[in-house]
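Please read all numbers here as calculations on a predicted model, not as lab measurements.
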Amino acid sequence: MDEYITSIDLGTSKVCVIISEIDQTGQLQIIGVGVCPCEGIKKGVVVDIESTSRAILYALEQAENMANVEVNTAYINIPGGYSKVIRNKGIIAVSGEDKEIDSDDVKRVLNSAAILSLPQDQQIIDIIPTQYIIDGYDEIKDPVGMVGIRLEADVDIVIGSTTTILNTVKSANEVGMEVLGIIPEPFAASESVSNRDERGLGVLIIDIGAGTSDFSVFKNDKLIYNDLVPIAGNHITNDISVGLRISFNESEKIKRKFGIAYTPLASDEKMLKVNPIGIDEKINISEVQLSKIIEARLGEIFEIINEELIKNDLKEEILTGVVLTGGGVGYFPGSKELAKEIFNLPVRIGKPKFIGIDEPIYSSGAGLISYSLERKFNYYIECNDVEVKKSKSKKNSGNSITSFFRRIWDEYF
């Protein structure tokens with residue numbers, strides 16, 4: 001029987017829904033994709049549940065129509081800056097008479113590791129075992145079937161902002177989607193754009209979206225640092241708008257079509273026409289003029305990240321280099337060259353390897369699927385309240401939602 005895994009990537013400028021299928025041969029295939037502009041999220045946080053839910057619904061309808069299936073469960077992301085990892089340990093006595101460890105024992109030891117005092121505004125998102133220890137023997141990856149008296153687990157406990165989590169889950173619940181897991185951006189992006197060897201030796205992953213730029217450092221295949229910079233693609237667009245005195249929408253189109261992130265790659269002779277506000281005729285600007293605006297802001301993002309790495313003694317941990325991804329940077333020629341100059345490390349653009357979504361804008365959505373497939377333990381999701389059936393939401397949405405979002409899409413893209 002086929003199995004479906006759905007991801008909902010909530011970004012500042014868009015919602016992306018991806019439906020994947022695990023067929024009878026065990027192969028994972030992308031069968032449905034939906035994208036919708038969203039005005040209910042600011043800097044990665046839901047600020048308008050109704051608007052966010054409408055965007056999820058429309059993106060979901062696109063993906064379901066493409067896949068010709070209906071789904072009711074999904075994994076969803078939150079920005080890395082609103083989550084953190086705490087190391088802890090759990091210990092239990094093996095319960096069976098024959099002392100053979102089963103899956104219930106594993107869940108019990110992981111639950112025991114989750115007993116810790118948390119601030120009221122934080123809650124557990126996930127528990128990631130890093131190793132199991134049976135009667136003093138460590139570095140065990142899967143203890144099920146082994147025999148012992150005492151079972152221990154060293155774990156990474158992922159916690160996040162309760163407000164962020166509740167509003168994110170509620171936005172999905174409003175359209176009848178049950179959230180199976182909340183996955184922080186660093187885990188999703190790393191699974192999509194890096195490999196285990198890179199994460200083992202040490203890698204910096206920078207995911208630049210519209211509202212925030214997440215960055216994370218992995219070493220020994222574990223997340224050792226993550227944070228976010230509240231500057232991203234929309235700030236570049238705004239700089240172009242102010243610098244050239246043109247509308248935000250025109251700036252976005254120019255940025256995507258003509259933007260170059262590294263001035264030495266731009267040409268003074270190549271011109272493009274813009275229509276400044278308050279002037280009746282179009283004027284010419286050079287590719288270099290546009291590039292200088294983009295390079296200044298993108299360089300600022302890289303400089304802030306580099307300073308954080310140096311301040312936290314992390315530069316020496318990054319042996320394999322930098323992976324850039326996300327819709328805020330993926331389409332810029334020259335972003336690699338600019339990053340190399342600032343970080344003094346090898347740089348590449350990371351993108352998913354799935355057919356049909358092999359672009360940086362799909363890194364988070366594809367990573368949610370890959371990460372959820374890789375994980376073996378149930379996620380700590382206790383706040384679902386799926387009261388609104390999806391069929392009812394679709395019926396009430398009507399053509400007004402479709403036309404509304406098509407209008408926004410045409411304006412921005």
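Heavy atoms from other residues, nucleotides or ligands lying under 6.0 Å from NZ of Lys282 number 12 at most. Heavy atoms from other residues, nucleotides or ligands lying under 6.0 Å from NZ of Lys43 number 12 at most. Applying the 6.0 Å contact sphere to CD1 of Ile355 captures no more than 12 heavy atoms from other residues, nucleotides or ligands. In the displayed structure, Asn68 atom CG is contacted under 6.0 Å by at most 12 heavy atoms of other residues, nucleotides or ligands.
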Exercise. Could you go step by step and tell me if Leu223 and Asp156 meet the side-chain contact (heavy atoms from CB on, under 4.5 Å) rule?
Worked result: CA-CA 9 Å; Leu223 177 67; Asp156 288 343; over 6 Å; no

Exercise. Which is it for Ile31 and Tyr4 under the side-chain contact (heavy atoms from CB on, under 4.5 Å) test, yes or no, and what are the steps along the way?
Worked result: CA-CA 9 Å; Ile31 59 173; Tyr4 303 107; 3.6 Å; yes

Problem set entry | Trace of the salt bridge (charged side-chain N to carboxylate O under 4.0 Å, His left out) decision for Asp358 with Lys351 | CA-CA 6 Å; Asp358 53 346; Lys351 54 187 180 180; 5.6 Å; no

For this session: For side-chain contact (heavy atoms from CB on, under 4.5 Å), just list the numbers for Glu295 and Leu338, CA-CA rounded to whole Å, side-chain angles, deciding distance to a tenth of an Å, and then say yes or no.
Result: CA-CA 8 Å; Glu295 181 180 319; Leu338 180 60; 3.9 Å; yes

Problem set entry | Full working for side-chain contact (heavy atoms from CB on, under 4.5 Å) between Ile208 and Leu298 | CA-CA 10 Å; Ile208 300 180; Leu298 188 58; 3.7 Å; yes

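Salt bridge annotation for Glu300-Arg297: present, with a cationic side-chain nitrogen under 4.0 angstrom from a carboxylate oxygen. Using a 4.0 Å cut-off between charged side-chain N and carboxylate O, Lys311 and Glu308 make a salt bridge. Ion pairing between Lys42 and Asp48 fails under the 4.0 Å rule for side-chain N and carboxylate O. Between Lys255 and Glu252, at least one side-chain N (NZ, or NE/NH1/NH2) sits under 4.0 Å from a carboxylate O, which counts as a salt bridge. Between Asp135 and Arg150 there is no salt bridge, since no side-chain nitrogen of the basic residue lies less than 4.0 Å from a carboxylate oxygen of the acidic one.
Taking the side chain as every heavy atom from C-beta outward, Asp154 and Arg87 never approach each other to under 4.5 Å. Under the 4.5 Å side-chain criterion, counting only non-hydrogen atoms from C-beta, Ser192 is not in contact with Tyr362. Considering only heavy atoms from C-beta on, Val274 stays 4.5 Å or farther from Arg245 through its side chain. Between Arg54 and Glu39 there is no side-chain heavy-atom pair separated by less than 4.5 Å. With contacts defined as side-chain heavy-atom distances shorter than 4.5 Å, the pair Ile22/Leu373 qualifies. In this structure, Ile182 and Ile76 have side chains that are in contact, with non-hydrogen atoms separated by less than 4.5 Å. A heavy-atom distance below 4.5 Å is not found between the side chains of Phe215 and Ile304. The side-chain heavy atoms of Leu10 and Cys38, taken from C-beta on, include no pair separated by under 4.5 Å.
Taking the six-membered ring for Trp and thresholds of 30 and 60 degrees, Phe218 and Phe187 have ring planes more than 60 degrees apart, a perpendicular arrangement.
By the ring-ring contact (aromatic ring centres under 6.0 Å, His included) test, Tyr132 is found to be paired with no residue, residues two or more places apart in sequence or in another chain being considered.
Closest heavy-atom contact between Lys340 and Leu345: CG-O, 3.7 Å. The shortest non-hydrogen separation linking Tyr262 to Ser291 is C-OG, 3.6 Å. In terms of heavy atoms, Ser213 sits closest to Ile231 at OG-O, 2.7 Å. Heavy-atom minimum distance, Gly90 versus Val109: O-CG2, 3.4 Å. For the pair Ser20 and Ile30, the tightest heavy-atom approach, listed with the atom from each and the gap, is CB-CD1, 3.9 Å. Contact detail for Asn226 and Pro186: the closest heavy-atom pair is CB-CG, 3.9 Å.
Judged by distance alone, with hydrogens and angles left aside, the side-chain atoms of Ser161 form no donor-acceptor pair with the main-chain N or O of Tyr82 at under 3.5 Å. With Arg108 contributing its side chain and Ala93 its backbone, the two residues share a donor-acceptor pair below 3.5 Å. No donor-acceptor pair closer than 3.5 Å links the side chain of Glu174 to the backbone N or O of Ser53. The closest donor-acceptor contact from the side chain of Asn238 to the backbone of Asn234 lies at 3.5 Å or more, if one exists at all. Proximity of a side-chain donor or acceptor of Arg199 to a complementary backbone N or O of Ser190 within less than 3.5 Å is detected. Between the side chain of Ser83 and the main chain of Gly160, no donor-acceptor pair closer than 3.5 Å is present. Judged by distance alone, with hydrogens and angles left aside, the side-chain atoms of Glu178 form no donor-acceptor pair with the main-chain N or O of Asn72 at under 3.5 Å. Asp142 contributes a side-chain N or O that, together with a main-chain N or O of Val144, makes up a donor-acceptor pair within less than 3.5 Å. A donor-acceptor distance shorter than 3.5 angstrom exists from the side chain of Ser372 to the backbone of Leu368, with no hydrogens or angles considered.
Using modelled atom types, one finds a donor on one side chain and an acceptor on the other under 3.5 Å when comparing Ser95 with Asp105. Between the side chains of Thr52 and Ser171, not a single donor N or O lies within less than 3.5 Å of an accepting N or O.
Atom CG of Asp221 and atom NZ of Lys219 lie 12.0 Å apart (nearest 0.5 Å). Expressed to the nearest 0.5 Å, how far OG1 of Thr6 lies from CD1 of Ile19 amounts to 4.5 Å. For the atom pair CD1 (Ile18) and CD1 (Ile8), the distance works out to 11.0 Å, reported to the nearest 0.5 Å. Note that the CG atom of Leu110 and the CD1 atom of Ile128 stand 11.0 Å from one another [nearest 0.5 Å]. Interatomic distance, Ile260 CD1 to Leu290 CG, rounded to the nearest 0.5 Å: 8.0 Å. One distance of note links CD1 of Ile349 with CG of Leu324; it measures 4.5 Å at 0.5 Å rounding.
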Distance-only donor-acceptor hits, side chain of residues 313-320, under 3.5 Å, sequence neighbours excluded:
from, atom 1, to, atom 2, distance (Å)
Lys315, NZ, Asn306, OD1, 2.8
Lys315, NZ, Phe343, O, 3.3
Thr320, OG1, Gly202, O, 2.7

